[in-house]
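In what follows, a structure is listed as structure tokens, so that the remarks can point back to it.
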Amino acid sequence: MAVRMKCVVLLALVLCYTMQVVVTQPTGNNKIRERGLSPEEEERRAKEEDWRRREETSEDERRHRRRREEEEEEEEEEEEEERERRKPPTPKPEPYGPGGRGEEEMFMLKESKKVISTEAGEMKVVRGYGGRLLDNNAPLHIGFITMEPRSLFIPQYLDSSLILFVRRGEAKIGMIYDDELGERKLKMGDVYRIPAGSTFYIVNTGETQRLHIICSIDPSQGLGFGTFQSFFVGGGANPVSVLAGFDAETLSTAFNVSIGELKDFMTGQDAGPIIYADATHTPSIWASFMKLKGEERLEDLKMAPGPDEAIKKEPKRSWFNMIYSLLGTENKKGEGKGDTRTRTGSTPDSYNIFDNNPSFKNSYGWSIAVDKDEYHPLKKSDIGIYLVNLTAGSMMAPHINPMATEYGIVLSGVGTIQVVFPNGTSAMNTKVKEGDVFWIPRYFPFCQIASRSGSFVFFGFTTSAHRTRPQFLVGATSILKTMQGPELATAFGLTEDRFYEIVDAQREAIILPSPSAAVPGEEGQQSKENGSESIEQANNILQVEKVPKFIRSLGTEMIMGFE
């Protein structure tokens, strides 16, 4: 009994001790305080603990979100695969059928700008694309100049070289060449080069006919300010002459005239870059100068006072003294005092594209190609020229230009341009009409097809002055004809006999007839009729009416001025 009581008492003591320990056990905060931590440190550690908990929660949420996104992506991929499985297969083009329409206007140049617009004329520029960019050079731009009868494109120089083609009318080009003023008369079909930096002017010498010029603009030597940059030597209030940038005292001394005379001279022209040069319109010093005949103009220049003579003459003479200075016709060394004789300089010859025989001609059309061997100035610009006339329904056979990019301008008629990508798919298959501008990248296969309603005439430039030697893919002189053999037959998966049968079926070369141009039983008559269309008749196609509409399809967006 006593032992039992001792056990009970001992158990009670142990229980009491245990309860006391639990009650007096210090909490976490008490532990921190027992370690001697400050309240700031306690707050900092509490914040860290809270931040760790939040980070763990955020990381869980991110993992959950990534899993959800991955699941959604997998579902979308499965749905896309299911749609692809259900989609009917795209039929491949038949070997004998067209490869599709392609991009309707992928190689059409539609970005045009009206850079000059006056009562006497205008100039529009179609911006080039690719071309020389693909040949590690700047792309060509195409310019269209129209001038009213008896008008003047005032003296200027450009940061780009021009190749002019007179589409309609007659013109006179004045240019400083070898430090002398030379003039060259141009007629329809003439080609003429104006180098970058050469001061020139253009006069429409026609009495009733507008002058139409198509030109290539080669910006390879340009400043990079837009398509090209004009520096007007002549001018006044509009356009402003480059001389206006110098102060009055400098110009007065340079011209050897009074500041009053200089003011009249520098502000008398405000009609724009293209002005009338006859007495029926508002007169100007430039118009008065251009009204004179060549001999009279040079005589007036001769009568201009020299630098050592008194300048106080009648105003007319002071004007021509300034023109004399602007044109750069200075006294020759060794000549006597006051000897201001002006000699007529010789400029490079022009080249008429209609004067020579076609490069190729058959019953279905003709083509003319001009390179540096025919017209030497083209060598300096490294630009070639071509003109093609296709009779109704005929085509220029599919071919490639292995040396240059081509730019084309439709002069008359309606046709179709087809261009093919390197992978054998259609790049462009579109109709073109008068005024449209297109370009063909180097190496790309292409062909031009005339409509059945009439002939199709187009003119253009190439980015090489060398003889391009196009390689034709179809026809009597084609690559297939030249390479025909078992290797090529095998490449097409045909027997040699079948391959020869197909390749030899076309007996014409370069310009091919269409079914409408070669109807069985009427081929001879068709050939005779088509062959009667000569280059002289092509001239009539280009000439049309005396005052025609300038251009009809250069694009809808016209932007004034340069970039």
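All values reported here derive from a predicted model rather than from experimental measurement. Side chains are part of it too, since the values below use all heavy atoms of this structure and drop only hydrogens, waters and symmetry mates.
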Legend entry - Contacts of type salt bridge (charged side-chain N to carboxylate O under 4.0 Å, His left out), residue D349, not counting sequence neighbours: R184
Inset, instruction - Check salt bridge (charged side-chain N to carboxylate O under 4.0 Å, His left out) between E374 and all other residues, then give those that pass, not counting sequence neighbours. - result: R467
Legend entry - Residue from T463, N401, T462 passing side-chain hydrogen bond (donor to acceptor under 3.5 Å, both in side chains) with E406: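 Filter result, single survivor: N401.
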Legend entry - Test side-chain hydrogen bond (donor to acceptor under 3.5 Å, both in side chains) applied to R193 and S198, S216, S381, S161, the passing residue: S381
Gap separating the [atom1] atom of [X] from the [atom2] atom of [Y], nearest 0.5 angstrom:
{"X": "L140", "Y": "W439", "atom1": "CG", "atom2": "CH2", "result": "11.5 Å"}
{"X": "Q156", "Y": "Q229", "atom1": "CD", "atom2": "CD", "result": "10.5 Å"}
{"X": "T416", "Y": "M428", "atom1": "OG1", "atom2": "CE", "result": "9.5 Å"}

Kindly write out the residues that satisfy side chain to side chain contact (heavy atoms under 4.5 Å, CB included) with [X], not counting sequence neighbours, or none if the list is empty.
{"X": "Y157", "value": "T199, F231, V233"}
{"X": "P239", "value": "I154, F232, Q269, P273"}
{"X": "M147", "value": "I145, S151, F153, I202, N204, L211, I274"}

Legend entry - Identified side chain to side chain contact (heavy atoms under 4.5 Å, CB included) counterpart of F200 within the set L158, T347, L164: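 One option only clears the test, and that one is L158.
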Legend entry - Other residues, nucleotides, ligands: >12 heavy atoms within 6.0 Å of K372 NZ: yes
Inset, instruction - With sequence neighbours left out, write down each residue that passes side chain to side chain donor-acceptor pair (under 3.5 Å) with Y351, or none if nothing qualifies. - result: N356
